[in-house]
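For reference, the structure discussed in these notes is given below.
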Amino acid sequence: MMKYQVVVLRQLKGFGQFVTESRDEANTYEFGEGDERPIIFGEKLKAVERRTIMRKVREVLHVNCWLTTHKKGGDGGISGLCMSCPACVLFGGTYAPKKGSGAGPKNVVEMRRAFYTCAFPFQGGGIRDVTFNAVDERTGQTGQALGTNQIIEPRDFIDVVTVEADNENWTKLLLWGIEHSDRYGANTRIYGEIHNEVLGVVVDTRLRIAAIDLARKGSGEGVKTHLAADKLDLKAMSCPDSEIDGIITDLAKDEAVQDLARRKNSVDASVDEYFTKTAEKLHLKPAMTKKNNKDVFTDRTPGERLAFLTSKEKRSHYDLAREIEKANFAEPQDEEEEEEVK
């Protein structure tokens with residue numbers, strides 16, 4: 001398994017608001033005495049870039065995969081993820097069926113392949129408080145201040161995102177998502193415009209660089225000079241729009257996606273209702289038998305049920321996941337990102 005360390009220059013063009021939900025103060029790290037710098041937590045960056053990639057995957061593969069808020073008993077599982085597409089393999093996730101599983105596995109857990117830490121700025125300071133208020137629509141006059149935002153002034157951040165994979169296309173998928181994301185943090189209507197530039201990728205069997213060290217090099221050019229001096233090859237890599245559809249289609253056939261889809265299908269096939277609806281959609285009639293004076297399915301185990309669902313027409317695990325999806329899960333009406341991510 002190779003480690004692809006993507007070096008990203010994130011240029012804040014304007015003001016940004018990067019805070020945690022529990023408090024309204026900017027997230028900071030002290031590099032040294034008197035050198036406190038604002039930082040962007042990796043989970044905040046990942047949330048945006050994951051959604052960007054998921055939108056593209058839905059467009060190309062027509063999967064029912066959404067990063068939704070947790071709704072008790074929701075049909076889409078714990079967080080609305082399909083758990084059978086390239087985006088779910090890249091970022092990981094969990095799934096458990098609404099109806100409760102039968103004799104088979106109860107849930108699916110997939111670990112991520114893309115790892116974020118933090119984006120660190122090249123310089124300190126630049127944190128200020130700004131007040132905001134409402135404007136009377138008729139008079140044009142401002143009223144009493146409504147509150148205060150702690151914001152970050154424009155600056156450059158350096159970031160390193162690591163992808164663990166044996167197929168370079170997983171890294172290209174992430175690159176496309178990074179380069180096509182541009183609004184981060186809270187209040188993205190007015191804050192958080194970031195232009196991302198991928199400086200290159202360091203490929204090795206182990207981790208060789210960290211963003212917190214690169215932030216001490218002063219600039220993007222300083223980072224390149226440092227890596228060259230350390231004899232670390234900063235490999236050029238890109239994923240243009242002309243290639244992304246083909247890359248996503250190829251990744252849908254990848255062994256990792258097929259394996260995740262198989263595990264997801266095993267969970268769904270264990271649920272009698274999902275099994276019945278999928279069989280009906282595929283024009284199949286499951287065999288029944290009597291047990292304690294009740295009709296029960298002859299095929300009881302997940303393996304038997306999956307074999308039955310593919311008995312009439314051979315399908316890959318990924319293709320069967322799409323059939324189960326269409327038969328059982330309605331597509332959400334609204335996308336999740338209407339709610340701003342802080």
Side-chain angles (χ1 to χ4, degrees), residues 4-20 25-50 52 114-130 149-163 171 174-202 207-230 232-239 341-342:
Y4 297 82
Q5 293 196 269
V6 182
V7 183
V8 188
L9 180 65
R10 300 185 184 272
Q11 300 171 298
L12 178 60
K13 302 290 187 177
F15 297 109
Q17 189 177 17
F18 308 110
V19 299
T20 60
E25 296 179 357
N27 299 311
T28 62
Y29 178 80
E30 192 168 330
F31 275 71
E33 187 175 351
D35 186 13
E36 186 178 37
R37 305 185 191 183
I39 62 173
I40 310 175
F41 285 133
E43 289 300 303
K44 307 302 181 184
L45 300 165
K46 185 192 74 172
V48 175
E49 289 157 13
R50 178 175 194 158
T52 299
F115 298 88
Y116 289 71
T117 53
C118 283
F120 296 93
F122 292 116
Q123 64 188 83
I127 302 174
R128 68 161 81 167
D129 293 332
V130 295
N149 288 329
Q150 191 167 83
I151 60 172
I152 310 303
E153 296 175 349
R155 64 198 46 243
D156 291 350
F157 294 78
I158 195 69
D159 188 20
V160 176
V161 185
T162 302
V163 178
T171 305
L174 180 69
L175 289 179
W176 187 91
I178 291 173
E179 292 177 340
H180 287 76
S181 299
D182 51 30
R183 287 282 178 178
Y184 298 83
N187 293 325
T188 52
R189 297 184 305 275
I190 54 177
Y191 301 136
E193 180 181 342
I194 290 181
H195 295 190
N196 294 316
E197 179 186 351
V198 175
L199 301 183
V201 183
V202 175
L207 298 179
R208 302 300 301 272
I209 56 176
I212 194 170
D213 297 326
L214 300 183
R216 304 177 190 277
K217 306 308 172 184
S219 67
E221 288 302 316
V223 168
K224 292 179 181 179
T225 301
H226 166 73
L227 295 179
D230 278 4
L232 291 173
D233 180 25
L234 195 60
K235 179 181 179 182
M237 190 180 298
S238 64
C239 183
V341 178
K342 284 191 175 183

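We number each residue from 1, following the sequence as shown. Because the structure is predicted, anything quoted here is derived from the model rather than measured.
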Residues passing the side-chain hydrogen bond (donor to acceptor under 3.5 Å, both in side chains) test with Asp233, sequence neighbours excluded, are none
Quiz prompt | Worked verdict on Thr162 versus Tyr4 for side chain to side chain contact (heavy atoms under 4.5 Å, CB included) | solution = CA-CA 5 Å; Thr162 302; Tyr4 297 82; over 6 Å; no
**Check: Val202 main-chain N/O paired with Gln5 side-chain donor or acceptor under 3.5 Å** = no
Here the gap from Leu175 atom CG to Cys239 atom SG, rounded to the nearest 0.5 Å, amounts to 7.0 Å
Salt bridge (charged side-chain N to carboxylate O under 4.0 Å, His left out) filter on Lys217, not counting sequence neighbours, yields none
TODO: Would you confirm whether the ring centroid of Tyr191 sits within less than 6.0 angstrom of the ring centroid of Phe18?
DONE: no
Contacts of Lys46 meeting side chain to side chain contact (heavy atoms under 4.5 Å, CB included) (sequence neighbours excluded), chain-then-number -> Glu43, Phe91, Arg112, Tyr116
Distance col, row Asn27:CG vs Ile152:CD1, nearest 0.5 angstrom, shows 8.5 Å
Will you find, in the side chains of His195 and Glu193, an N or O donor that is under 3.5 Å from an N or O acceptor? yes
Applying salt bridge (charged side-chain N to carboxylate O under 4.0 Å, His left out) to Glu179 and not counting sequence neighbours gives none
Per-pair distances, 0.1 Å, donor-acceptor, side chain in residues 154-161, under 3.5 Å, sequence neighbours excluded:
residue : atom : partner : partner atom : Å
Arg155  : NE   : Glu153  : O            : 3.1
Arg155  : NH1  : Gln123  : O            : 3.2
Arg155  : NH1  : Gly124  : O            : 3.4
Arg155  : NH2  : Gly125  : O            : 3.4
Asp159  : OD2  : Arg10   : NE           : 2.9
Asp159  : OD2  : Arg10   : NH2          : 3.0

Rounded to the nearest 0.5 Å, the CD1 atom of Ile209 sits from the CG atom of Leu227 at a distance of 5.5 Å
Across all chains, not counting sequence neighbours, the salt bridge (charged side-chain N to carboxylate O under 4.0 Å, His left out) partners of Asp35 are Arg37
More than 12 heavy atoms of other residues, nucleotides or ligands under 6.0 Å from CZ of Phe31: is that the case? yes
d(Glu49 CD, Asp182 CG) to nearest 0.5 Å is 10.5 Å
With sequence neighbours left out, the residues meeting side chain to side chain contact (heavy atoms under 4.5 Å, CB included) with Ala210 are Ile212, Asp213
Sorted by chain and number, sequence neighbours left out, side-chain hydrogen bond (donor to acceptor under 3.5 Å, both in side chains) with Ser181 holds for Thr52
Rounding to 0.5 Å, atoms NZ (Lys235) and OG1 (Thr171) come to a distance of 8.5 Å
Applying ring-ring contact (aromatic ring centres under 6.0 Å, His included) to Phe115 and not counting sequence neighbours gives none
Taking every heavy atom of Pro121 against every heavy atom of Ala215, the minimum-distance pair comes out as O-CB, 3.6 Å
When rounded to the nearest 0.5 Å, the distance separating OG1 of Thr117 from CD1 of Ile39 is 9.5 Å
Taken in chain and number order and not counting sequence neighbours, the residues that satisfy salt bridge (charged side-chain N to carboxylate O under 4.0 Å, His left out) with Arg50 are none
Exercise. Run the numbers on Gln11 and Ile194 for side chain to side chain contact (heavy atoms under 4.5 Å, CB included), then give the verdict.
Key: CA-CA 5 Å; Gln11 300 171 298; Ile194 290 181; 5.7 Å; no
Taken in chain and number order and not counting sequence neighbours, the residues that satisfy ring-ring contact (aromatic ring centres under 6.0 Å, His included) with His180 are Trp176
Exercise. Do Val223 and Phe122 have side-chain heavy atoms sitting under 4.5 Å apart?
Worked result: yes
Could you check if a side-chain atom of Leu234 sits within less than 4.5 angstrom of a side-chain atom of Val201, using non-hydrogen atoms only?
no
Sorted by chain and number, sequence neighbours left out, side-chain hydrogen bond (donor to acceptor under 3.5 Å, both in side chains) with Glu36 holds for Thr28
**Item:** Val198 vs Val6, side chain to side chain contact (heavy atoms under 4.5 Å, CB included): CA-CA, chis, key distance, verdict
**Value:** CA-CA 7 Å; Val198 175; Val6 182; 3.9 Å; yes
